[in-house]
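Atom set for the values below is all heavy atoms of this structure, side chains included, hydrogens, waters and symmetry mates excluded. Protein chains get the first letters and strands the later ones, always in sequence-line order, with residue 1 at the start of each.
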There are 2 protein chains.
Amino acid sequence: MPTAKSTASTADKTGSHAGTRADANPDAGVETAARPKRTRGGPKGLRITDVAAQAGVSPITVSRVFNSPESVAPETLERVRQVVQKLGYVPNRLAGGLSSSRSRLVAAIVPTIAHSLFSETIQVFSETLSRAGYEVLLALSGYSASSEESLLDTVLSRRPEGVLLTGVAHTDSLRERLANVGIPVVETWDTTATPIDMLVGFSHYEIGAAVAQHFLERGARRPALISANDARALARRAGFRERLAQAGIVAVAEEIVAPPSSVAVGKRALPDLLARAPGTDAVFCGSDLLAIGALGAARQLALDVPGQLKICGFGDLEFATETAPQLTTVRVDGTRIGVSAARFLLDRLNGESARGEHHEHRVIDVGFTVLAREST
Amino acid sequence: MPTAKSTASTADKTGSHAGTRADANPDAGVETAARPKRTRGGPKGLRITDVAAQAGVSPITVSRVFNSPESVAPETLERVRQVVQKLGYVPNRLAGGLSSSRSRLVAAIVPTIAHSLFSETIQVFSETLSRAGYEVLLALSGYSASSEESLLDTVLSRRPEGVLLTGVAHTDSLRERLANVGIPVVETWDTTATPIDMLVGFSHYEIGAAVAQHFLERGARRPALISANDARALARRAGFRERLAQAGIVAVAEEIVAPPSSVAVGKRALPDLLARAPGTDAVFCGSDLLAIGALGAARQLALDVPGQLKICGFGDLEFATETAPQLTTVRVDGTRIGVSAARFLLDRLNGESARGEHHEHRVIDVGFTVLAREST
DNA sequence: CTGAAAGCGCTTACAG
DNA sequence: CTGAAAGCGCTTACAG
């Protein structure tokens, strides 16, 4: 039993907080007379005209300092930059984006970033894009397609220049909408013969088949499944069952669990599964967390893993190999997915000079690896 | 040794992709003559005027349908909504934000979301905010303060209405800048007597002290440290060392590792540490990943954990308790941090009617728990 | 290399 | 409950 020693404390302190909003127009100088009659809400921040006035140039020149510094005379550049620095001016990209139709925003729609490999994908995706001057708008869809679609509208209202999607199971209206806006789209973490645009992923069906094969080769005769029932889980299930069917195994016990998957859920699922299918000698779990939970349950049931019961997870939680060598897992390169997805988008965004009707329909299958320690 | 069985494959397919951008102005009708002479870039998307024309109302009314539907006559509302639906109109929030000074954006600046508890915080933070109509702009700072500061400018250019920051160690100029823009700020994952604005966190110093105490109570005489040297790690280190010093232990071996921390890094660090400090009988690791790596190394060295060597991690990787019961860890409620941070921001954003100079300086200490299985 | 004018697509603040 | 006018803070497309 865990012994908890807690120093938890909760305190709400209240103090004063002086409004420190800086004067919006230090040295507005000559611009003063030109101030609009209509003040829409209190003092706004600095505007490009404030910088321009101070630097003795036009607003256009200040704009160029940010967007095409090479087209500005070195002296002017320096002078403007100093004013920017001194005033602490930060351009308003809402205005800039509206004016230029370049939001410099890329949206990423993923089911979740908690406890999941998607977080790794988003991490590198974001790093790669930010190096290229883009920012990432993160949208978490949970695991429902309808939620994904309503999120898309929210996201499109920011006019992103590209979109990363998770999976390939999208509603028709989402696909249509995306086609209409005409921005580059990358689907990730799955594969299909009919991507919306570009794709970086792998086959869940093949994974299911490979895990079934793995179990079969090790003598399993009654493999079972513990997983959620989202599109990708169902694809793995299909591959798993079909490979087993080829080997003459058609009765495959299944325990469907609701997301989010966790160790606790896996721990509860295994006994339930075994109660219904006592002869089970192998279990393919929908995630490493579930697999670890199942392993814990197996331990309590005094089952030898992998001797009596083989357990395979999915997702490669790095630690799994270290702390639970009895488990088999399926490794997927989430980092490569994120980097490749970002590059695909950037290539399209940069090559836009061709403004073309014809784009490359790029697809990468990053594959996967079934990882098992044969001997410990 | 792991046996890899790979079906990895990489393929780049190229196909045609017809430009499917929809006609920007289906039924522009009466508006046609009023089209601006200057076409800035090809066909733009639908505008609010397109919807207005189709619905036979003014643009303002369409705007109200989205922003204050209760102020629109039911019939009008319905009619406009049908046109919106039919046309697939999505309002442009760049324009809306510019015009209203309400970006409906909240920025989150975190070091990383890969393999970390921050991802859990960001997950619930994002969920909570999106329910309230805000979206999250994610900015990954790595672990450097200078990078955090330059990121802030990038982020501020989107005019977010609130900001979540990780930690409390920020440069003065960042603090000043944030004070100047006057938006609500929540610092998280640490604590301080002088927050910029609001704070939801816990004391890393206290954690260090509590872990030292834990080790001491279990008879450790030569505790050591494996961790990074960011601000929070240093605070834990300080608490750890000072509590040990009180017990007369002043020589504390330390192995500083560069982020990102991982199992592999921990596995390498322990032997190095033991080479320099052979008598070590307890190690406080900066993360659970490091602790698991150290545990693996200890196993290879045939050291009994926790008998000969106690190992404590940090961060509560949920699985750790299940797969590595020999480890002690420090549990922190990342979910509560995310939810509370979001609520703090929302409370401020909603109570803005008071447009006040005086704000509550809210602080929550969510505490932590040292978790150890005493018997297995 | 630099600038005056017009416009990006919305919403605010009045009116009625 | 609805609308005409003005403006949000930038950038584009010309000129020079």
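- One can find a donor-acceptor pair under 3.5 Å joining the base of D/dG7 and the side-chain atoms of B/S99.
- Taking atom CZ on B/F66 and atom P on C/dG9, their separation rounds to 15 Å, with Å as the unit.
- Here the side chain of A/T76 is nearest to one of D/dC10, D/dC1, C/dT2, namely C/dT2.
- Going from atom CD1 of B/I60 over to atom P of D/dT2 covers 11 Å, rounded to whole Å.
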Given Watson-Crick or G-U pairs with both distances under 3.5 Å, what dot-bracket string fits DNA chain D, with | for other-strand pairs and [ ] for crossing? |||.||||||||.|||

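- For the pair A/N92 CG and C/dC10 C1', the computed distance is 13 Å after rounding to whole Å.
- Taking atom CD1 of A/I48 as the reference point, atom C1' of C/dA4 lies 15 Å away to the nearest angstrom.
- Put simply, A/S71 has no side-chain N or O that comes within less than 4.0 Å of OP1 or OP2 on C/dT2.
- Using a 4.0 Å heavy-atom criterion, one finds that B/T61 contacts the sugar-phosphate atoms exclusively.
- Comparing C/dC10, C/dT11, D/dC1 against the side chain of B/N67 picks out C/dT11 as the nearest.
- Two residues, A/Y89 and A/R64, neighbour DNA chain D, and the one matched to the more 5' nucleotide by heavy-atom proximity is A/Y89.
- Taking atom CZ of residue B/R158 and atom P of nucleotide D/dG9, one finds them 17 Å apart after rounding to whole Å.
- For the pair B/V181 and B/R159, the minimum side-chain heavy-atom distance is 4.5 Å or more.
- In terms of heavy atoms, B/I183 sits closest to B/D197 at O-OD2, 4.2 Å.
- The CG atom of B/L152 lies 11.0 Å from the OG atom of B/S147; values are rounded to the nearest 0.5 Å.
- Summarising the geometry, the separation between CZ on B/R93 and P on D/dG9 is reported as 19 Å, rounded to the nearest angstrom.
- Ion pairing of A/R175 with A/D172 is absent here, as no side-chain N (NZ or NE/NH1/NH2) approaches a carboxylate O to less than 4.0 Å.
- Checking D/dC1, C/dG3, C/dT2 against the side-chain heavy atoms of B/A73 singles out D/dC1 as nearest.
- Taking atom CG on B/D50 and atom P on C/dG9, their separation rounds to 9 Å, with Å as the unit.
- More than 12 non-hydrogen atoms from other residues, nucleotides or ligands lie less than 6.0 angstrom from CZ of A/R79.
- Along DNA chain C, the nucleotide closest to A/L77 and the one closest to B/G96 are compared, and the more 5′ of them pairs with A/L77.
- Looking at B/E148, B/R177, B/E149 one by one, the single match for side chain to side chain donor-acceptor pair (under 3.5 Å) with B/H170 turns out to be B/E148.
- When the nucleotides D/dT12, C/dT11, C/dG3 are ranked by their closest atom to the side chain of A/S58, C/dG3 comes out on top.
- Atom-to-atom, CZ of A/R104 to C1' of D/dT11 comes out at 13 Å; the value is rounded to the nearest Å.
- Looking at heavy atoms from C-beta onward, A/T49 lies out of side-chain contact with A/V62 at the 4.5 angstrom threshold.
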